[in-house]
Participant: 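Before anything else, here's the structure in question.
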Amino acid sequence: TAVSERLLGAAHEDTLAAGNRLAEAFLAGGRVGEAVSAFQWVLSRQARALGPEHPSIIAGQINVGRALAAAGEPSEALSVLAEALAVCERVRGEAHPETLSAREELAAAYSSAGRLGDAIKLYQRTLEERERAQGGRHPDTITTRQLLGDAYLADGQGKQALAQHKKVLADRERTVG
């Protein structure tokens, strides 16, 4: 990143891509503090270059939120991810695939923070939107259903979890064999 920044500038797309790859490597290597810093570095440069509601900013916020969650900072992660979702809803609309993914990321953070009721509500809403927009057998819809089932299970709602996971199995058998 230092070479890219020096040669191309801090806001050049190649420099920002290099920063994101470095942050992902830190995250994958368990160096979450460095991942948070690197994702924040990228996000700050994206925001200056592209403006606060550019789609790349949304992805950058989600990356920062994921890293904060991995770093054990659930309240900060929830704040960043909630802001990313709000921007995505304004910019992309309620049912856009990126909005659905942003909502799912926030639900996952709620789940990790032990706020299972909030997670379940977001997973339910995301599932409803995915079924309308993408259909019940789309891979993303099936994954959302699985995540909802997992959240139900973690919340001690075995009957609801079982119903979701049975549907996931049936849909996976129909779609992938």
Participant: So which atom in G19 and which in A38 form the shortest heavy-atom distance, rounded to 0.1 Å?
Facilitator: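 Here G19 and A38 meet closest at O-CB, 4.4 Å.
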Participant: V32 and L81: same hydrophobic cluster, using ILVMFWY side-chain contacts below 4.5 Å?
Facilitator: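 Per the 4.5 Å side-chain linkage, V32 and L81 are not co-clustered.
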Participant: Hey, does L100 have a side-chain heavy atom less than 4.5 Å from the side chain of E104?
Facilitator: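 No. Closest side-chain heavy atoms not under 4.5 Å.
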Participant: Taking all non-hydrogen atoms of both residues, which atom of V80 and which atom of Q61 are closest, and how far apart?
Facilitator: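 Nearest heavy atoms, V80 then Q61: CG1-O, 3.1 Å.
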Participant: Atom OG of S44 and atom CG of L16: how far apart are they, to the nearest 0.5 Å?
Facilitator: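 With rounding to 0.5 Å, OG (S44) is 9.0 Å from CG (L16).
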Participant: With a 4.5 Å cut-off on side-chain heavy atoms, are R130 and R145 touching?
Facilitator: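 No; the side chains remain at least 4.5 Å from each other.
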Participant: Find out if a path of hydrophobic residues (ILVMFWY) with successive side-chain heavy-atom gaps under 4.5 Å connects V87 to L78.
Facilitator: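 Yes, one cluster joins them.
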Participant: Using a strict cut-off of less than 4.0 Å between a Lys/Arg side-chain nitrogen and an Asp/Glu carboxylate oxygen, indicate whether E94 and R132 qualify as a salt bridge.
Facilitator: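 Salt bridge flag = no for R132 with E94.
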Participant: How long is the straight-line distance from OG of S111 back to CG of L106, given to the nearest 0.5 Å?
Facilitator: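 So the CG of L106 and the OG of S111 are separated by 11.0 Å.
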Participant: Can you tell me how far CH2 of W41 sits from CG of N20, rounded to the nearest 0.5 angstrom?
Facilitator: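 These two atoms lie 9.5 Å from each other.
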Participant: With rounding to the nearest 0.5 angstrom, report the OH to CD distance, Y152 to Q124.
Facilitator: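 Here the rounded value is 3.5 Å.
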Participant: Could you tell me which non-hydrogen atom of A70 sits nearest to which non-hydrogen atom of L27, and how far apart they are?
Facilitator: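 Closest pair (atom of A70, atom of L27, distance): CB-CD1, 3.9 Å.
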Participant: Compare every heavy atom of R137 with every heavy atom of I142, then report the nearest pair and how far apart it is.
Facilitator: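 That would be CD1-O, 3.6 Å.
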Participant: Heavy atoms only: give me the nearest C88-I58 pair and the separation to one decimal.
Facilitator: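 Closest heavy-atom pair between C88 and I58: CA-CD1, 3.7 Å.
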Participant: Please answer: with hydrophobic residues joined when any side-chain heavy atoms are less than 4.5 Å apart, are L122 and I120 in the same cluster?
Facilitator: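 Different hydrophobic clusters.
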Participant: Given 3.5 Å as the limit, does a donor-acceptor pair link the side chain of T144 with the main chain of D140, or not?
Facilitator: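 Yes.
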Participant: Nearest 0.5 Å please: distance from the CG atom of L85 over to the CZ atom of R90.
Facilitator: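 Going from CG on L85 over to CZ on R90, the span is 10.0 Å.
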Participant: Would you say the side-chain atoms of T99 pair up with the backbone N or O of A95, donor to acceptor, closer than 3.5 Å?
Facilitator: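 No, the answer is negative, given that no donor and acceptor are paired below the 3.5 Å cut-off.
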Participant: Which heavy atom of Q146 sits nearest a heavy atom of V168, and at what distance?
Facilitator: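 Heavy-atom minimum between the residues: N-CG2, 3.5 Å.
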Participant: Do the side chains of I62 and V64 join up, straight or via other hydrophobic residues, at under 4.5 Å, putting them in one cluster?
Facilitator: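 The answer is no; the residues belong to distinct hydrophobic clusters.
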Participant: Sequence neighbours excluded, which residues qualify as side-chain hydrogen bond (donor to acceptor under 3.5 Å, both in side chains) partners of R92?
Facilitator: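 Listed in chain order: E98.
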Participant: Under 4.0 Å between a side-chain nitrogen and a carboxylate oxygen: does that hold for R21 and E24?
Facilitator: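 No, R21 and E24 are not salt-bridged.
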Participant: Side-chain heavy atoms under 4.5 angstrom apart, residues restricted to Ile, Leu, Val, Met, Phe, Trp, Tyr: same cluster for L148 and L116?
Facilitator: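 Result: no, two separate clusters.
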Participant: Let me confirm one number: the CZ-CZ distance from R66 to F39, rounded to the nearest 0.5 Å.
Facilitator: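 Going from CZ on R66 over to CZ on F39, the span is 5.0 Å.
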